[in-house]
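Have a look at the structure below, then the notes.
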Amino acid sequence: MKNYEIMFIVKPTLSEEEVKKVVSNFENVLTSNGATITENKAMGQRELAYEIKKFNSGYYFLFTLEAKDDKAIKEFDRLALISNDIIRHLITNLEK
């Protein structure tokens with residue numbers, strides 16, 4: 001099993017309910033493609049160091065997960081790049 005960490009920023013113009021829906025949808029993308037989420041951490045709304053897509057703040061989320069292959073990671077990356085609700089994401093492979 002490989003361990004990954006995914007941090008992503010959801011745009012601040014969404015309501016609390018819409019933010020929860022976006023996070024839930026991306027959790028489903030990961031779990032339906034064979035990944036197991038070991039930690040799901042909402043870090044709240046924070047100011048960005050610099051403007052991204054005309055936003056100065058965003059809702060930060062951190063997922064720690066395990067996956068036997070990179071299918072779930074590739075699908076998350078593909079959908080996060082297309083999504084208008086995620087303004088930035090970072091996927092890190094954790095080596096043990």
Side-chain angles (χ1 to χ4, degrees):
M1 291 289 236
K2 292 184 179 181
N3 295 311
Y4 296 94
E5 190 174 80
I6 299 175
M7 178 174 272
F8 60 97
I9 306 170
V10 178
K11 68 182 183 179
T13 55
L14 298 178
S15 70
E16 187 176 332
E17 189 176 299
E18 291 171 321
V19 170
K20 287 180 182 179
K21 185 177 178 187
V22 169
V23 172
S24 175
N25 287 343
F26 278 96
E27 283 178 348
N28 291 338
V29 166
L30 291 168
T31 55
S32 65
N33 284 293
T36 304
I37 298 174
T38 56
E39 185 180 355
N40 177 350
K41 190 175 190 183
M43 301 171 70
Q45 186 173 6
R46 297 182 177 197
E47 292 294 317
L48 302 174
Y50 52 90
E51 189 176 282
I52 301 173
K53 297 183 181 178
K54 300 186 180 179
F55 295 110
N56 292 317
S57 67
Y59 295 101
Y60 280 67
F61 292 91
L62 179 67
F63 289 167
T64 306
L65 53 111
E66 293 180 340
K68 60 182 177 182
D69 56 18
D70 60 354
K71 179 182 174 187
I73 301 303
K74 286 183 177 179
E75 184 65 9
F76 180 95
D77 188 40
R78 184 183 76 80
L79 293 174
L81 288 170
I82 302 170
S83 175
N84 290 328
D85 296 329
I86 293 183
I87 57 175
R88 184 66 47 98
H89 72 283
L90 175 68
I91 302 170
T92 308
N93 184 358
L94 301 175
E95 302 271 341
K96 284 196 173 183

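Every value quoted in this text rests on a predicted model; they were computed, and no experiment measured them. Positions are given from 1 along the sequence. The analysis underlying the following values was restricted to heavy atoms, covering all of them including side chains, and did not include hydrogens, waters or symmetry mates.
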Check against side-chain contact (heavy atoms from CB on, under 4.5 Å), Asn25 and Lys21: CA-CA 6 Å; Asn25 287 343; Lys21 185 177 178 187; 4.0 Å; yes

Shortest non-hydrogen contact between Leu65 and Ala35, atoms and distance: CD1-CB, 3.9 Å

Carboxylate-amine/guanidinium proximity below 4.0 Å for Glu16 and Lys20: yes

Within one Ile-Leu-Val-Met-Phe-Trp-Tyr cluster: Ile37 and Met7, side-chain cutoff 4.5 Å: no

Nearest non-hydrogen partners of Glu47 and Asn56, listed with the distance: OE1-O, 3.2 Å

hydrophobic_cluster_shared for Phe63 and Val29, side chain cutoff 4.5 Å: yes

Atom pair CD1 (Ile82) and CZ (Arg78), whose distance is rounded to the nearest 0.5 Å: 4.5 Å

Linked, directly or transitively: Ile9 and Leu14 (ILVMFWY side chains, under 4.5 Å): no

Any donor-acceptor N/O pair, Thr38 side chain to Thr64 backbone, under 3.5 Å: yes

Glu5 side, atom CD; Leu62 side, atom CG - distance, nearest 0.5 Å: 4.5 Å

Nearest heavy atoms of Lys11 and Tyr59, plus distance in Å: O-CD1, 3.8 Å

Interatomic spacing from CG in Asn33 to CD1 in Ile73 - rounded to 0.5 Å: 9.5 Å

Straight-line distance of Lys74 NZ to Leu79 CG, nearest 0.5 Å: 14.0 Å

Verdict with reasoning, Phe55 to Thr13, per side-chain contact (heavy atoms from CB on, under 4.5 Å): CA-CA 9 Å; Phe55 295 110; Thr13 55; 3.7 Å; yes

Cluster link Tyr60 to Phe76, ILVMFWY, side chain under 4.5 Å: no

CZ-CE distance between Phe61 and Met43, expressed to the nearest 0.5 angstrom: 10.5 Å

Minimum heavy-atom distance between Phe26 and Ser83, given as atom pair plus value: CZ-CB, 4.1 Å

Give every donor-acceptor pair under 3.5 Å between a side-chain atom in residues 84-94 and any protein atom, sequence neighbours left out.
{"from": "Arg88", "atom 1": "NH1", "to": "Tyr50", "atom 2": "OH", "distance (Å)": "3.3"}
{"from": "His89", "atom 1": "NE2", "to": "Asp77", "atom 2": "OD1", "distance (Å)": "2.6"}

Heavy-atom neighbours of Glu51 CD exceed 12 at 6.0 Å: yes

